[in-house]
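All remarks here apply to the structure that follows.
In what follows, every chain begins at residue 1, and chains take the letters A, B, ... in the order their sequences are listed.
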Number of protein chains: 2
Amino acid sequence: MQSRIPPSARTGGRPRNAAADTAILESTRQALVDLGWSKLTLGDVAARAGVAKTTLYRRWAGKSELVVDAVAELFDELELPDRGSLAADIEGVVLQFAALLGRPETKTALMAVVAESTSDEPLRERIRTSIVDRQKRLVLAGRKRAQERGELPPEPDPAAAGHTADLIFDVIAGAVVHRALVSAEPVDEEWAHRFTLLLLGGLAAATSRP
Amino acid sequence: MQSRIPPSARTGGRPRNAAADTAILESTRQALVDLGWSKLTLGDVAARAGVAKTTLYRRWAGKSELVVDAVAELFDELELPDRGSLAADIEGVVLQFAALLGRPETKTALMAVVAESTSDEPLRERIRTSIVDRQKRLVLAGRKRAQERGELPPEPDPAAAGHTADLIFDVIAGAVVHRALVSAEPVDEEWAHRFTLLLLGGLAAATSRP
DNA sequence: TCTCTTTCGCTACGAGTCGTAGCGTAACTG
DNA sequence: CAGTTACGCTACGACTCGTAGCGAAAGAGA
């Protein structure tokens with residue numbers, strides 16, 4: 001789960017300064033805001049955090065790994081409050097995700113690390129566990145809640161249920177990311193409402209016809 | 001529409017070597033395959049294309065602009081053959097788009113230039129006209145065809161029709177990109193079929209309720 | 001044909017970044 | 001106290017960047 005380079009396994013010796021981790025990750029996010037992904041340098045981050053550049057390289061393998069950790073912390077905020085109905089829950093998660101993507105540090109970092117991950121399998125795995133899975137939980141939780149409400153039928157086949165969840169997740173996350181970053185149009189309440197209507201209609205059709 | 005730096009406006013003088021453009025763009029795509037976005041250097045591209053590095057800088061402002069042009073050419077291949085039904089048309093465009101995203105050169109380049117564009121407005125505009133709009137045409141053509149078949153109702157309000165097309169486009173393109181690049185799962189015929197079922201159901205619900 | 005203009009390949013350059021190595025010092029363990 | 005590890009600092013070679021300057025090549029117009 002950690003993309004940090006672990007401290008030496010052997011016992012004894014000076015422990016790592018935990019406060020430095022916090023300062024480094026916070027400085028990374030601030031540097032992303034000020035400079036964007038491509039102009040961000042590890043030397044700059046180190047100077048902002050008040051640590052030596054070598055300390056950074058002792059803890060992270062490179063720029064991508066550091067930025068993944070810095071951005072992943074922001075995804076901890078994601079939650080799924082019960083808004084009473086599946087439609088309201090979907091709108092809520094869409095707007096929450098959009099708010100996260102509205103931040104300049106996530107905007108520039110998220111696409112960049114995904115681009116890097118296309119030719120770096122370990123990095124992709126880190127992104128999956130640190131970022132993607134945290135979003136996916138919301139989809140699974142939302143479905144479970146809707147099934148308990150009776151808004152969605154229970155799915156006996158676990159494999160099919162997994163495929164459906166994967167599909168829904170790609171549709172939600174993909175649409176929001178594309179709207180926010182590629183089309184560069186606002187993900188406001190009206191858009192979220194239109195999108196939710198579309199998705200709910202599709203769900204009804206897809207579940208009635210396996 | 002051109003992201004290239006235009007040749008000098010004044011008449012006369014030695015004309016630009018048009019073959020060099022072809023060689024440069026082709027070399028750029030090959031370098032993307034071999035090196036990926038982050039390790040691609042303009043000096044390397046120039047060497048592969050058999051031109052001087054300075055020639056590259058005379059025609060393109062930087063790495064992002066060059067890669068956008070190199071990748072945009074691939075999106076010319078996109079077409080929308082009439083497969084007889086809206087469902088078949090959607091599946092066709094999804095699989096076609098997925099095939100494009102399956103290429104290593106588009107995989108690594110597309111996300112990277114979008115990431116850059118989050119802090120570079122002119123670049124975003126170039127991406128929109130060179131790449132995004134070429135995909136969007138397919139959505140508009142598909143809807144028009146479906147309306148002529150009677151599969152979709154005509155939309156009297158042009159503003160609402162535009163919003164709907166934008167939404168559909170973000171859903172299709174976003175879902176395919178997310179599936180292919182973030183989830184890193186194959187966009188095969190089965191997935192395309194499931195996705196099409198979902199989208200068609202949503203369309204039916206969304207158009208019945210304005 | 002001669003002149004003007006622009007592009008081309010080539011070389012060279014200062015500036016900046018990268019990731020690492022070496023050193024002395026600080027911090028914690030047994 | 002001795003042993004071990006993390007830290008800050010400096011310095012380094014290698015690389016990339018984007019630009020400048022040069023002479024030669026390739027067309028347009030007189």
Side-chain angles (χ1 to χ4, degrees), chain A residues 2-25 27-28 31-32 34-67 69 112-113 116 119-120 122-123, chain B residues 2-25 27-28 31-32 34-67 108 112-113 116 119-120 122-123:
Chain A
Q2 290 286 14
S3 73
R4 294 171 178 79
I5 299 173
S8 210
R10 305 177 58 176
T11 168
R14 176 177 179 173
R16 278 190 181 171
N17 181 359
D21 266 26
T22 312
I24 289 170
L25 293 174
S27 300
T28 303
L32 281 171
D34 296 343
L35 307 171
W37 161 268
S38 62
K39 294 182 181 172
L40 179 146
T41 70
L42 294 197
D44 189 331
V45 171
R48 286 169 188 256
V51 302
K53 192 175 60 162
T54 43
T55 298
L56 260 173
Y57 281 100
R58 289 190 188 105
R59 304 195 184 191
W60 282 276
K63 182 170 164 176
S64 303
E65 289 79 2
L66 172 62
V67 170
D69 277 11
V113 294
E116 284 304 301
S119 51
D120 183 342
L123 179 61
Chain B
Q2 291 284 16
S3 73
R4 293 172 179 80
I5 298 174
S8 210
R10 304 178 56 176
T11 168
R14 175 177 180 174
R16 278 192 180 166
N17 182 0
D21 266 27
T22 311
I24 289 170
L25 293 174
S27 300
T28 302
L32 280 172
D34 296 342
L35 307 172
W37 162 268
S38 61
K39 293 182 182 174
L40 179 147
T41 69
L42 294 197
D44 190 333
V45 171
R48 286 168 188 256
V51 302
K53 192 175 59 163
T54 43
T55 299
L56 260 174
Y57 280 101
R58 290 189 187 105
R59 304 193 186 194
W60 282 276
K63 183 169 164 177
S64 303
E65 289 80 1
L66 172 63
V67 170
T108 186
V113 294
E116 285 303 301
S119 51
D120 184 341
L123 179 62

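- Comparing C/dC18, D/dC17, D/dC7 against the side chain of B/Thr41 picks out D/dC17 as the nearest.
- In this structure, CG in B/Leu66 is found 7.5 Å from CG in B/Leu40, a value given to the nearest 0.5 Å.
- Rounded to a whole Å, the CG atom of A/Asp21 is 14 Å from the C1' atom of D/dC7.
- Atom CD1 of A/Ile5 and atom CG of A/Leu56 lie 10.0 Å apart (nearest 0.5 Å).
- Residues passing the side chain to side chain contact (heavy atoms under 4.5 Å, CB included) test with A/Ala49 are A/Ala23, A/Ile24, A/Ser27, A/Val51, sequence neighbours excluded.
- As rounded to whole Å, 15 Å separates atom P of D/dA6 from atom CZ of A/Arg4.
- To the nearest 0.5 angstrom, A/Trp37 atom CH2 is 4.0 Å from A/Ser64 atom OG.
- Taking five base pairs at each end of the helix from C/dT1-D/dA30 to C/dG30-D/dC1, the local helix axes there meet at an angle of 20°, rounded to 10°.
- Going from atom OH of A/Tyr57 over to atom C1' of C/dC18 covers 5 Å, rounded to whole Å.
- Residue A/Ile24 contributes atom CD1, which lies 12 Å from atom C1' of D/dA6 at whole-angstrom precision.
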Derivation of the salt bridge (Lys or Arg N to Asp or Glu O under 4.0 Å) call for B/Asp44 and B/Lys39: CA-CA 10 Å; B/Asp44 190 333; B/Lys39 293 182 182 174; over 6 Å; no
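- Between the CZ atom of A/Arg59 and the C1' atom of D/dC7 there is a distance of 9 Å, rounded to whole Å.
- Take the nearest nucleotide of DNA chain C for B/Ala20 and for A/Gly62: the residue whose nucleotide is more 5' is B/Ala20.
- Looking at residues two or more places apart in sequence or on another chain, you find no side chain to side chain contact (heavy atoms under 4.5 Å, CB included) involving B/Ala47.
- Side chains of A/Leu25 and A/Trp60 form a contact here, defined as non-hydrogen atoms less than 4.5 Å apart.
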Taking N or O atoms only and anything under 3.5 Å, show me the protein contacts with nucleotides 10-15 of chain C, one pair per line.
from   : atom 1 : to      : atom 2 : distance (Å)
C/dC10 : N4     : B/Thr54 : OG1    : 2.9

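- The interatomic distance linking A/Arg16 (CZ) with D/dT4 (C1') rounds to 15 Å, in whole Å.
- Side chains of B/Arg16 and B/Arg59 form a contact here, defined as non-hydrogen atoms less than 4.5 Å apart.
- Listed by chain and residue number, B/Arg48 satisfy the salt bridge (Lys or Arg N to Asp or Glu O under 4.0 Å) test with B/Asp34 (two or more places apart in sequence, or in another chain).
- Residues A/Gly43 and A/Lys53 share a closest heavy-atom pair of CA-CD, 3.9 Å.
- Separating the CD1 atom of A/Ile5 from the P atom of D/dC7 is a distance of 12 Å, rounded to the nearest angstrom.
- Nucleotide D/dC15 holds its P atom 17 Å from the CG atom of B/Leu42, rounded to whole Å.
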Nucleotide-resolved protein contact map, nucleotides 25-30 of chain D, B/S/- at heavy-atom distance under 4.0 Å: BBBS--
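- Looking at A/Asp69 and A/Glu65, their side chains never come closer than 4.5 Å, going by heavy atoms from C-beta outward.
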